There are 2 protein chains.
Amino acid sequence: MDLSEPTRPYHHGDLKAALVAEAEIILERDGIQALTLRAAARAAGVSHAAPANHFGDLTGLLSELAAVGFRRFSAMLEAARTSGEARPAGAKGMGHAYVRFARTYPNLFALMFRGERLDFGRPALREALDEAAAMLRSGTAAPEGRPVPPLQAAAQAAARWSLVHGFAMLLLDGRLAGMLASLPAGEGVDDLLDAVLAVTRIGD
Amino acid sequence: MDLSEPTRPYHHGDLKAALVAEAEIILERDGIQALTLRAAARAAGVSHAAPANHFGDLTGLLSELAAVGFRRFSAMLEAARTSGEARPAGAKGMGHAYVRFARTYPNLFALMFRGERLDFGRPALREALDEAAAMLRSGTAAPEGRPVPPLQAAAQAAARWSLVHGFAMLLLDGRLAGMLASLPAGEGVDDLLDAVLAVTRIGD
DNA sequence: GCTCTATATTGACAGTGACAATATTGACGC
DNA sequence: GCGTCAATATTGTCACTGTCAATATAGAGC
């Protein structure tokens, strides 16, 4: 009789996807410093060197994970842009979606915008990034009819992106905690963001 | 005769400052991942465990280095706020100083705003941070006379900080490269930032 | 069924943070 | 001058990591 564990097959079957999935769990639960090739391998139940076959090195794994993040990011922005039911549509709705993504997946968001650990040469990441960039552009498109000088158009787009991105980054890093505490009772992050978008005329 | 190197004293004398100085060199030259306790010790010519006496762990060293960064940051912002010679003073000048600091010390700036690696319980870091926060507040103070609702005041401050911080972050990560390339010949980062501050009425 | 190749394992190596044990030195009281 | 103590630095060690080489296994196509 065989008392040993039911032997898992030598080949996993879909190890790449499994590793990326485990990597995201580790990332959000334990932080970026705990996301190692060996930790992902352990979580997936394979040997420590198995991930190298699919990602090469740690940068490869992080890049694939970032690609997953950018695809999800695009989907959330797209949903915000088209359906303006609960939230206002357009640039304002996308701003809220941007910050909501960052708050929902804080560590993933940080990884996505930490270029030093990513390899943009990877096709999966490049494609996901291009898709997200197109999505962002669609939210900052210049209104038709009136031609706008290139500098003004670029400034409008850069301002919207910078404002929302900076808000998300400062919020995640706890830098806005004091400001939020000084708000009237009942007012929270969403209200502050609303007001921020209003004073900078981002919704126009 | 003694052919050996002139023996360095057993005690360094000012190892803490030397380690922080070497750490900054390593950080800006080789990146954050190359900044290790042992690398700093090697650069300072001491044993691998010597830094522990002054910083405890790696987080301690990074926090002290971040504190140095915040003090320098405050000084640059202060200079921009008071002397509006080459650059406009006030919020607009401070915005430019903010981005200039980030471009001058990109890796240090990234470290300063990566809270996960820092220990804000360290007095040096906390004090430097408080000083920088006060400096930033001075640039976003509400105009006197007319009382402003708390949400609007907070939004004004958060908007200015978010805008400039996001611009710096996206710029350092190369995310604005495409936008900058699309600018008319002769226009650069400073011009784009000027236009960004203008369209959001930050200079008001 | 045979071969080729993708996939996974084992084993090794250098580098790292952290800790314990030890050595050296300077400060301070006498 | 001298003795004691605390601060500072060294050596040695451990577990963990990324990466590589060598090897084992199994699936795909013929």
Side-chain angles (χ1 to χ4, degrees), chain A residues 4-23 26-27 29-66 111 114 116-119 121-124, chain B residues 4-23 26-27 29-66 111 114 116-119 121-124:
Chain A
S4 64
E5 296 282 324
T7 54
R8 275 172 289 95
Y10 192 94
H11 287 92
H12 180 284
D14 195 11
L15 182 54
K16 186 170 182 177
L19 285 170
V20 172
E22 297 292 346
I26 295 168
L27 175 64
R29 186 190 53 206
D30 306 323
I32 180 79
Q33 77 290 346
L35 177 48
T36 66
L37 281 175
R38 291 168 107 108
R42 274 194 299 273
V46 294
S47 76
H48 65 89
N53 290 302
H54 300 279
F55 307 107
D57 55 10
L58 179 59
T59 298
L61 172 58
L62 298 182
S63 300
E64 295 288 330
L65 183 52
L111 172 66
R114 190 170 309 179
E116 86 221 23
R117 307 280 311 193
L118 304 179
D119 175 10
R122 294 214 151 222
Chain B
S4 65
E5 295 282 327
T7 54
R8 276 171 287 95
Y10 191 94
H11 286 95
H12 181 283
D14 194 11
L15 182 54
K16 186 170 181 178
L19 285 170
V20 172
E22 297 291 347
I26 295 169
L27 174 66
R29 186 190 53 206
D30 306 324
I32 180 76
Q33 77 289 346
L35 177 48
T36 66
L37 281 175
R38 294 168 105 105
R42 275 193 300 272
V46 295
S47 77
H48 62 88
N53 289 300
H54 300 279
F55 307 107
D57 55 9
L58 180 58
T59 297
L61 173 58
L62 297 182
S63 300
E64 294 290 329
L65 184 51
L111 173 66
R114 190 169 311 177
E116 86 220 24
R117 308 280 311 198
L118 304 179
D119 175 10
R122 294 214 150 222

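Just so we're on the same page: letters track the sequence lines, and every chain starts at 1. As the structure is a computational prediction, the values presented were derived from the model and not from experiment.
Here A:Ala17 pairs with A:Asp14 under the side-chain contact (heavy atoms from CB on, under 4.5 Å) rule; sequence neighbours left out. Listed by chain and number, the residues in a side-chain contact (heavy atoms from CB on, under 4.5 Å) with B:Ala52 amount to none (sequence neighbours excluded). Taking the side-chain contact (heavy atoms from CB on, under 4.5 Å) definition, one finds that A:Asn53 meets it with nothing, sequence neighbours left out.
Taking 4.5 Å as the limit, every side-chain heavy atom of B:Leu37 sits out of range of all side-chain heavy atoms of B:Leu19. Considering only heavy atoms from C-beta on, B:Leu118 stays 4.5 Å or farther from B:Thr59 through its side chain.
A heavy-atom distance below 4.0 Å to DNA chain D is reached by these residues of residues 40-48 of chain A, ordered by number: A:Arg42, A:His48. Using a 4.0 Å cut-off on heavy atoms, the residues of residues 52-64 of chain B that approach DNA chain C are B:Asp57, B:Leu58, listed by number.
Atom CG of A:Asp14 is separated from atom P of D:dG27 by 15 Å (rounded to the nearest Å). Here the C1' atom of nucleotide D:dT11 and the CZ atom of B:Arg38 are 11 Å apart, to the nearest Å. The separation between A:Gln33 atom CD and C:dT16 atom C1' is 15 Å, rounded to whole Å. A straight line from NZ of A:Lys16 to C1' of C:dA6 spans 13 Å, rounded to a whole angstrom. Distance B:Arg117 CZ to C:dG17 C1': 11 Å, rounded to the nearest Å. For the pair A:Leu15 CG and D:dA26 C1', the interatomic distance rounds to 15 Å; values are reported in whole Å. Taking atom CD1 of residue A:Ile26 and atom P of nucleotide D:dC16, one finds them 15 Å apart after rounding to whole Å.
Under the salt bridge (Lys or Arg N to Asp or Glu O under 4.0 Å) criterion, the residue pairs touching residues 35-64 of chain A are A:Glu64-A:Arg122, with sequence neighbours excluded.
The CG atom of A:Leu62 sits 10.0 Å away from atom CZ of A:Arg114, with the distance rounded to the nearest 0.5 Å.
For the pair A:Ser63 (side chain) and A:Asp119 (backbone), a donor-acceptor distance under 3.5 Å is present.
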